[in-house]
Amino acid sequence: AGAFIDGQLQGAIAEKPFVIHLATARPVQLGHAYSPRYTGGGAFALTNTLRGSTNLQDGLWQGYEGVNLEAVIDLGQAQTVQTLSTGFLQDVGSWVFLPTAVTYALSLDGQEFTEVATIKNDASARASEPQTKDFTASISPTRTRFVKVVAQTPGVCPEWHAGAGAKCWIFVDEIIVE
């Protein structure tokens with residue numbers, strides 16, 4: 001995007017990538033409410049195509065304090081999927097940790113789900129700099145209408161952390177279905 005006067009660019013071009021996918025702008029049903037402090041933009045934050053930065057205050061992260069992320073996306077009709085991915089932030093100094101694992105399950109009817117992948121976290125919780133990480137699963141092409149994502153919270157800050165024993169956060173920006 002850029003500002004133009006009489007066809008001449010004024011200032012710099014601003015860029016923001018969008019990730020268009022099968023779940024784009026699809027409704028998300030949550031098992032636990034996100035924090036009103038970190039909404040990521042509200043109800044469609046997890047399917048709005050926008051990715052967060054390493055700054056937890058950028059407005060694109062949806063925060064869950066001490067609870068799992070449990071989300072079910074209705075794709076609107078049966079579609080063939082083969083890649084499932086969810087983006088998370090870790091900022092240990094702000095008590096934000098990556099999930100311990102992310103599980104994906106699929107369903108045609110929204111009632112009976114079949115687990116298709118679990119990705120365990122392989123990143124160090126002691127990383128001093130904020131970082132983002134996608135938990136991605138490549139699966140055999142499968143017809144589905146509903147995608148369920150469960151991200152396991154660490155629950156509380158570890159004993160070595162300044163907030164040891166207090167609830168920690170998981171921050172999520174986008175669930176991508178391809």
Side-chain angles (χ1 to χ4, degrees), residues 16-53 56 58-91 95-123 131-156 167-178:
K16 181 68 178 169
F18 294 89
V19 181
I20 307 298
H21 51 89
L22 296 174
T24 297
R26 301 305 308 169
V28 180
Q29 182 179 2
L30 297 171
H32 299 286
Y34 50 83
S35 169
R37 289 174 39 203
Y38 303 103
T39 68
F44 286 93
L46 302 184
T47 59
N48 68 1
T49 77
L50 300 175
R51 302 302 306 268
S53 68
L56 65 89
D58 70 9
L60 298 175
W61 293 104
Q62 199 166 80
Y64 296 82
E65 185 179 22
V67 297
N68 295 341
L69 164 70
E70 296 177 10
V72 176
I73 300 170
D74 181 352
L75 299 177
Q77 63 185 358
Q79 308 217 30
T80 301
V81 302
Q82 58 188 10
T83 305
L84 304 160
S85 187
T86 308
F88 295 91
L89 172 68
Q90 179 167 279
D91 184 347
W95 301 15
V96 178
F97 290 83
L98 293 171
T100 58
V102 176
T103 300
Y104 296 102
L106 306 177
S107 173
L108 284 169
D109 64 8
Q111 302 299 313
E112 293 186 36
F113 285 84
T114 301
E115 186 178 311
V116 294
T118 297
I119 299 92
K120 293 187 184 290
N121 180 27
D122 60 2
Q131 63 178 310
T132 61
K133 180 175 175 59
D134 290 344
F135 286 68
T136 303
S138 295
I139 62 171
S140 297
T142 305
R143 299 265 310 151
T144 192
R145 176 173 170 176
F146 298 90
V147 176
K148 183 176 188 177
V149 181
V150 177
Q152 298 289 326
T153 179
V156 297
K167 290 180 187 176
C168 66
W169 293 83
I170 54 174
F171 274 43
V172 58
D173 66 348
E174 187 78 2
I175 299 171
I176 299 169
V177 179
E178 298 175 315

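The basis for the numbers below is simple: all heavy atoms, side chains too, and nothing from hydrogens, waters or symmetry mates. Not measured: the values here are computed from a predicted model.
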Shortest non-hydrogen contact between [X] and [Y], atoms and distance:
X    : Y    : value
I170 : L69  : CD1-N, 3.6 Å
Q82  : P141 : OE1-CG, 3.4 Å
G52  : T132 : O-CG2, 4.3 Å
V72  : F113 : CG1-CZ, 3.9 Å
A71  : I175 : CB-CD1, 3.9 Å
Y64  : V67  : CB-O, 3.9 Å

Atom [atom1] in [X], atom [atom2] in [Y]: separation rounded to 0.5 Å?
X    : Y    : atom1 : atom2 : answer
I73  : F146 : CD1   : CZ    : 11.5 Å
E178 : H21  : CD    : NE2   : 7.5 Å
Q152 : N68  : CD    : CG    : 4.0 Å
F97  : Q90  : CZ    : CD    : 6.5 Å
L89  : K133 : CG    : NZ    : 13.0 Å

Could you tell me whether the side chain of [X] and the main chain of [Y] form a donor-acceptor pair under 3.5 Å?
X    : Y    : result
T80  : R143 : no
T47  : R26  : yes
D173 : W61  : no
E174 : N48  : yes
N121 : L98  : no
S107 : E112 : yes
Q62  : T39  : yes

Side chains of [X] and [Y], heavy atoms from C-beta outward: is any pair under 4.5 Å?
X    : Y    : result
V147 : L22  : no
V116 : L84  : yes
I176 : R51  : yes
T103 : T118 : yes
F88  : V102 : yes
F171 : L56  : yes
T142 : T114 : no
L60  : S53  : no

### Message
Assess the residue pair Y104 and I119 against the criterion (side chain to side chain contact (heavy atoms under 4.5 Å, CB included)); give the C-alpha distance rounded to whole Å, side-chain angles, the decisive distance to 0.1 Å, and a yes or no.
### Response
CA-CA 9 Å; Y104 296 102; I119 299 92; 3.5 Å; yes
### Query
Which is it for L46 and V149 under the side chain to side chain contact (heavy atoms under 4.5 Å, CB included) test, yes or no, and what are the steps along the way?
CA-CA 11 Å; L46 302 184; V149 181; over 6 Å; no
### Task
Begin with the C-alpha distance, continue with both residues' side-chain angles, and end with the deciding distance and a verdict on side chain to side chain contact (heavy atoms under 4.5 Å, CB included) for T24 and V177.
CA-CA 8 Å; T24 297; V177 179; over 6 Å; no
### Query
Are more than 12 heavy atoms from other residues, nucleotides or ligands located less than 6.0 Å from atom CD of Q29?
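Incorrect, the count does not exceed 12.
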### Query
When you look at NZ of K167, are more than 12 heavy atoms from neighbouring residues, nucleotides or ligands closer to it than 6.0 Å?
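No, because the 6.0 Å sphere around NZ of K167 holds 12 heavy atoms or fewer from other groups.
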